[in-house]
Q: 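Provided herewith is a single structure, encoded as structure tokens, for subsequent inquiry.
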There are 2 protein chains.
Amino acid sequence: MTPVATEDLRRQNTASVLRSLRHDGPATRTELARRTGLAKATVGTIVGALVDGGHVSESDAVPASRGRPGRPLVLTGGMLVGLGLEVNVDYVSAVAIDLGGAVRLERTVAVDGGDPYDVAVGLAQLAAAELTGEGIRLTGATVAVPGLVDRRNGVVAMAPNLGWRGRPVADDMGEATGLPVAVENDANCAALAEARRGATVGLGQSVYLTGTVGIGAGVISDGAIVRGTSGFAGEVGHIPLGDPAASCGCGRQGCWEASVGLRAVLAAVGVSEDGTPLEAAEAVSRRAAADPGAAETLEGVGVLLGKGVATMANILNPDAVVLGGFFVPLAPYLLPAVVREVEAHVTAAPYATLDVRLSTLGLRAAAAGAAEEALTQVFTGATAV
Amino acid sequence: MTPVATEDLRRQNTASVLRSLRHDGPATRTELARRTGLAKATVGTIVGALVDGGHVSESDAVPASRGRPGRPLVLTGGMLVGLGLEVNVDYVSAVAIDLGGAVRLERTVAVDGGDPYDVAVGLAQLAAAELTGEGIRLTGATVAVPGLVDRRNGVVAMAPNLGWRGRPVADDMGEATGLPVAVENDANCAALAEARRGATVGLGQSVYLTGTVGIGAGVISDGAIVRGTSGFAGEVGHIPLGDPAASCGCGRQGCWEASVGLRAVLAAVGVSEDGTPLEAAEAVSRRAAADPGAAETLEGVGVLLGKGVATMANILNPDAVVLGGFFVPLAPYLLPAVVREVEAHVTAAPYATLDVRLSTLGLRAAAAGAAEEALTQVFTGATAV
DNA sequence: TGACATTAGTTTGAGACTCGTACTAAACAG
DNA sequence: CTGTTTAGTACGAGTCTCAAACTAATGTCA
């Protein structure tokens, strides 16, 4: 495994330079040499190729205190773009992000009754045509799906909300668009998005917990998604630490989701399930503002939520846990209890702080994360620029 | 980071050859070239250096069906040895393992009242002297400790059973022995040992769950320990999914350990806490064989154990979970319930099988894993042979 | 104003490495 | 004893990084 020839060296070092520009911002060649540990001459060669390729450009010289002023290099990366698609029951979103992190395209299309897959293919083809028209090279597309995804073969094993089962999305969509297509769980994508451009930028390890209809988690370690053996990691909706008496939609008792999922919350507070999860959660929030009993109920949800967060933290020891989805509008009522439970139950609490944060990216997180994922192979050196 | 020069290339490829020999067994040069993807000529050069260094040797030619017979290469690795130390309340163990995976030294010393640290230092010095006397080069030592270990600075943050708190073991012991010393959690080490030479050889991702006085887990991914941000991952003893009424030694209620830990099991079955955890567990096993009520109680423990295993499996999606420590003698009574709970609560269960296995290494696991850990940098290419 | 110090970036030659091809070595088959 | 087959080595070409020397651009200070 991992055969390494001398050209792979260049790829790795190029990726190292790109990562440094991405992660620590613009820098002169000399500064980059210091950051990466490479020789000045080597950085010069690598940067030369990147400038030729249009991925990096020199900004105006900034005179340092003394000596010849350096010319800082900026990731423009207009040429390399990753495409992310989020497939959901009622909408499909596309986001394209370039090497520099800029959003180059953003579309959302409603799905009216038909198969979301067809909408996704159409959107992907549209985006690909539009982007390549500008002379852009797409590194690939990643499709974020709410369900169990087997990464090894690009098959969606099960996506109950979409009604998909054993669907070879990567192969099918790859053929339809001519792009290398990967499939990924939506919570994983959102977690990556928060880690690259949201609430957990700069942290080594983080967990993203989203509440939409179900509960899903994404785990990020050193900028990469942790997938487990078959890509099913982070399927936390049905871990058995909810109220043992609560019946879950899956037929089991005591699932976490059955106590802290959207339906459970709506039922507990007595709000009807209208509109999107976020709209419903906002209705709950309004009710809690008016009704102390409802606020207290939410605090109870927060306790159970905190127990689950503490459980994940004990197993994974992340720097931060990010709450997303419908947890965000309810945060004022949930967060105090969550923080309390975390402090009570996380073994490492006195020695390593665990931040509980709120998602900053909102609904766009999954698609943006999918686009970032489509770009990662460039930053890891797996693909040549 | 990751500055890569042309010599690092050789290190990586050498490590690749070593890993192949380790993982897939002896092979001829041509076979190695096929396995690693390197050119035959390159493998020839690398193997030449390894043979010169005494790390690899040619075994007798085995004639293939036709043509010139190949000379299979075997990891002898007599020259490079990793040292592992397991520090416990009443004993300290040392195990030394060479590149070929052979155990080169094994010692256990009882601790009678004194500080286990002093015993460990003495044992390490003894082992180092003995091994270097034979012309062996020690790559380093890893100390396995039952407690929270901060890997970044080699400090044992807290080891309640040892009475250690904020102790800079790596620095101190490194000075005393002249070796590079690392510190690691004992469950992590045992998990690594099972993955390299025990129940989970060949699996990509595994979780090891040990019961001694407390409950601890180790997570292995692609042959490496998953540590989380500060090395506190796998501290599962106090995740809140035990009986909510059960009081834990830590002062909290509902900790998992308070329901499935050794003391809880002994109390539930009515056996006194005599001897080592394993001896006590064997007493429990005898009791259960005679008393159906006790067996039923154990089944209840198995249910809670299974809930925890399912929780970890949902978060991490491993290939297998290994039960060690006192769970092994009680397996006949626990395992059926554990397997049932896993099948009931693991979301991925229909799509990816999760094995529940028993530890095969027993008490020696932690020290052996520590020794393996001390060797890993050779196999990852971080250290030159 | 001009020599000097200082820092940025490039040129150049050496050294390390892998690769493909051609070549030698060692067995068996008929 | 010749041909076939497979294992392993020698060799030259190509790629890459590196250190040191060198050029470029600016501020400093007499």
Side-chain angles (χ1 to χ4, degrees), chain A residues 1-18 20-21 26-53 56-74 381 384-385, chain B residues 1-18 20-21 26-53 56-74 381 384-385:
Chain A
M1 296 301 135
T2 334
V4 185
T6 129
E7 297 111 28
D8 299 296
L9 249 188
R10 168 59 61 90
R11 272 225 307 273
Q12 277 186 246
N13 288 334
T14 302
S16 175
V17 167
L18 288 173
S20 177
L21 286 174
T28 64
R29 291 167 176 77
T30 305
E31 169 72 7
L32 277 175
R34 211 186 44 70
R35 285 192 199 166
T36 59
L38 296 168
K40 270 200 307 178
T42 309
V43 171
T45 323
I46 289 174
V47 164
L50 287 173
V51 170
D52 288 350
V56 151
S57 60
E58 286 181 345
S59 68
D60 288 341
V62 173
S65 52
R66 265 213 295 273
R68 171 176 168 177
R71 284 165 302 176
L73 298 156
V74 188
V385 300
Chain B
M1 293 308 130
T2 333
V4 186
T6 129
E7 297 110 28
D8 299 293
L9 251 189
R10 168 59 61 90
R11 272 225 305 275
Q12 278 186 246
N13 287 334
T14 302
S16 175
V17 167
L18 288 173
S20 176
L21 285 174
T28 65
R29 291 167 176 77
T30 305
E31 168 71 9
L32 277 174
R34 211 187 44 71
R35 285 192 200 165
T36 59
L38 296 167
K40 270 201 305 178
T42 309
V43 171
T45 327
I46 289 175
V47 164
L50 287 173
V51 170
D52 287 349
V56 153
S57 60
E58 286 181 346
S59 68
D60 287 341
V62 174
S65 52
R66 265 211 297 272
R68 170 176 168 176
R71 282 165 304 176
L73 298 156
V74 188
V385 300

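Letters go in sequence order (proteins before strands), and every chain restarts at 1.
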Q: How many angstroms lie between atom CG of A:Leu9 and atom CD of B:Gln12, to the nearest 0.5 angstrom?
A: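 These two atoms lie 8.0 Å from each other.
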Q: Got a list of protein N/O to nucleotides 12-16 of chain D N/O distances below 3.5 Å?
A:
residue: D:dT15; atom: O2; partner: A:Thr6; partner atom: OG1; Å: 3.2
residue: D:dC16; atom: O4'; partner: A:Thr6; partner atom: OG1; Å: 3.3

Q: Give me the distances for all protein-to-nucleotides 8-11 of chain D N/O pairs that come in under 3.5 Å?
A:
residue: D:dG8; atom: OP1; partner: B:Arg71; partner atom: N; Å: 3.0
residue: D:dG8; atom: OP2; partner: B:Arg29; partner atom: N; Å: 3.1
residue: D:dG8; atom: OP2; partner: B:Thr30; partner atom: N; Å: 3.1
residue: D:dG8; atom: OP2; partner: B:Thr30; partner atom: OG1; Å: 3.2
residue: D:dG8; atom: N7; partner: B:Lys40; partner atom: NZ; Å: 2.7
residue: D:dG8; atom: O6; partner: B:Lys40; partner atom: NZ; Å: 3.4
residue: D:dT9; atom: OP2; partner: B:Arg29; partner atom: NE; Å: 3.4

Q: Separation of B:Arg34 atom CZ from D:dT6 atom C1', in whole Å?
A: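 Nearest whole value for this atom pair: 14 Å.
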Q: Mind listing the closest non-hydrogen atom pair of B:Pro72 and B:Gly70 along with its distance?
A: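 Taking every non-hydrogen atom into account, CD-O, 3.3 Å.
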Q: Taking CZ from B:Arg11 and P from D:dT17, how many angstroms apart are they, rounded to a whole number?
A: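 Distance check: B:Arg11 CZ to D:dT17 P gives 16 Å.
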Q: Check salt bridge (charged side-chain N to carboxylate O under 4.0 Å, His left out) between B:Glu58 and all other residues, then give those that pass, not counting sequence neighbours.
A: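 For B:Glu58 the salt bridge (charged side-chain N to carboxylate O under 4.0 Å, His left out) partners, ignoring immediate neighbours, are B:Arg29, B:Arg71.
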Q: Roughly how far, to the nearest 0.5 Å, is CG of B:Asp8 from CZ of B:Arg11?
A: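 Between B:Arg11 CZ and B:Asp8 CG, I get 5.0 Å after rounding to 0.5 Å.
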Q: Could you state the interatomic distance from CG (A:Leu73) to CG (A:Leu32), rounded to the nearest 0.5 Å?
A: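 Rounded to the nearest 0.5 Å, the CG-CG separation comes out at 6.0 Å.
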Q: Do any N or O atoms of the protein come closer than 3.5 Å to N or O atoms of nucleotides 1-4 of chain C, and which pairs are they?
A:
none

Q: Would you give the length of the straight line joining atom OG1 of A:Thr36 to atom CD1 of A:Ile46, rounded to the nearest 0.5 angstrom?
A: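 The OG1 atom of A:Thr36 sits 7.5 Å away from the CD1 atom of A:Ile46.
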Q: How close do B:Val74 and B:Ser59 get, counting heavy atoms only, and between which atoms?
A: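 Heavy-atom minimum between the residues: CG2-CB, 3.8 Å.
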Q: Using whole Å, what does the distance between atom P of nucleotide C:dC17 and atom CD of A:Gln12 come to?
A: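 Interatomic distance, CD of A:Gln12 to P of C:dC17: 16 Å.
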Q: Enter the distance from B:Asn13:CG to B:Thr42:OG1 here, rounded to the nearest 0.5 Å.
A: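 Rounded to the nearest 0.5 Å, the CG-OG1 separation comes to 7.5 Å.
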Q: List the residues meeting side chain to side chain donor-acceptor pair (under 3.5 Å) with A:Ser20, not counting sequence neighbours, and say none if there are none.
A: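 Checked A:Ser20 against side chain to side chain donor-acceptor pair (under 3.5 Å); matches are A:Arg35.
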Q: Going by salt bridge (charged side-chain N to carboxylate O under 4.0 Å, His left out), name the residues that satisfy it together with B:Arg10, two or more places apart in sequence or in a different chain.
A: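 Per chain and number, B:Arg10 pairs via salt bridge (charged side-chain N to carboxylate O under 4.0 Å, His left out) with no residue.
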